[in-house]
Structures are given as C-alpha cells and as structure tokens.
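Bear in mind the structure is a predicted one, so any value in this text is a computation, not a measurement.
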Amino acid sequence: MRTLTVLLSLPILTSCSATMVQEPGPVEHSSEYGPTRDATGDRVGIVSYLNEGLWPIPGWRRENAYELMHNRCSGDYTLLDEDTSTSEPTYYTQASSGTATTYGFTSEYVYFTFRCN
C-alpha cells in the first residue's frame with residue numbers, strides 16, 4: 001500500500017514546478033543590423049507555470065516561480081509584468097457503444113516577466 005501511495009503522489013509532486021522560459025541577462029546579437037541593446041540594456045527573464053489543478057497546487061507553482069526568479073537573480077528582482085495565456089485545445093475522443101464523443105481541453109499558464117536588480 002505504501003508503494004502505491006508513493007507512486008500516486010509522484011505525478012502531483014513533479015507537476016508543481018515553474019519553468020524558466022527565458023533567462024535574464026545581456027542581450028546576445030546574431031545580426032549586424034540588430035540593436036546593440038534593448039531599451040533598458042539587458043534582456044528580461046520570463047518564468048511560467050500551469051495555473052490549474054486542485055488547491056493548493058497553483059499556489060505552490062506560483063511560489064516555485066518566485067523561487068526561480070529569486071535564485072536566478074541572487075535574491076533581488078523586479079516583476080515587470082504578469083500575464084495569462086490559454087493553450088490550444090487538446091482533443092480526446094472516447095468511443096462507447098458505437099458512439100464517439102470528443103472532448104477538448106485547454107490549459108491556462110501564467111507568465112512573469114522580470115528583471116534582476
């Protein structure tokens with residue numbers, strides 16, 4: 001029974017993390033025609049997390065996003081923007097008794113734009 005509990009808990013624990021979409025830091029240039037710096041001199045960072053699931057999972061993911069930004073910036077960072085985005089639908093078809101039913105699922109993600117101070 002204990003093994004079953006651990007196996008069932010594993011997906012919940014591993015799904016409680018945020019993702020660094022773009023590292024903050026100096027702007028890298030690959031074009032001779034591109035700007036030498038963006039408007040503020042450094043590239044901003046972007047962190048995202050899945051904003052759904054049973055309570056308190058979205059809160060844990062948000063806290064993990066804060067932790068990622070804090071660790072990347074050695075503690076001091078500024079949130080520049082917070083935005084949400086809904087994914088394209090994923091479709092699932094279930095066939096039963098000669099009838100097929102199709103379901104569509106979307107996911108909502110939160111994106112933090114931040115800069116290290």
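In this structure, S96 and T101 have side chains that are not in contact, with every pair of non-hydrogen atoms separated by 4.5 Å or more.
Residues satisfying the side chain to side chain donor-acceptor pair (under 3.5 Å) test with T93, not counting sequence neighbours, are T102. Every residue was checked against the side chain to side chain donor-acceptor pair (under 3.5 Å) condition with S74, not counting sequence neighbours, and none meets it.
Heavy atoms only, all atoms of each residue included: F114 and L79 are closest at CB-CD2, 4.2 Å. Between M69 and V47, the shortest heavy-atom contact is CG-CG2, 3.7 Å. The two residues Y111 and V21 come nearest to each other via the heavy atoms CE2-CG2, 4.3 Å. Looking at every heavy atom in both residues, T106 comes nearest to S87 through CG2-O, 3.6 Å. When every heavy atom of R61 is checked against every heavy atom of A18, the shortest pair comes out as O-CB, 4.1 Å.
Rounding to the nearest 0.5 angstrom, the gap separating the OG1 atom in T113 from the CG atom in L80 is 6.5 Å. Interatomic distance, OG1 of T19 versus CG of N64, reported as 8.5 Å (0.5 Å rounding). In this structure, E63 CD and Y49 OH are separated by 10.5 Å, a value rounded to the nearest 0.5 Å.
Within the 3.5 Å criterion, the main-chain N or O of P24 finds a donor-acceptor partner in the side chain of R72.
Under a 4.5 Å side-chain heavy-atom cut-off, the cluster of Ile, Leu, Val, Met, Phe, Trp and Tyr residues that includes Y91 has no other member. Connectivity analysis of hydrophobic side chains (ILVMFWY, heavy atoms under 4.5 Å, direct or indirect) links Y103 to Y92, F105.
For residues 82-108, every residue pair satisfying the salt bridge (charged side-chain N to carboxylate O under 4.0 Å, His left out) rule, not counting sequence neighbours, is listed here: R62-E82. Applying the disulfide (SG to SG under 2.5 Å) definition to pairs two or more places apart or across chains, those involving residues 86-117 are C73-C116.
Under the 4.5 Å side-chain heavy-atom criterion for ILVMFWY residues, a single connected hydrophobic cluster contains both M20 and F112. Hydrophobic clustering (side-chain heavy atoms under 4.5 Å, transitive across Ile, Leu, Val, Met, Phe, Trp, Tyr) groups L68 together with V110.
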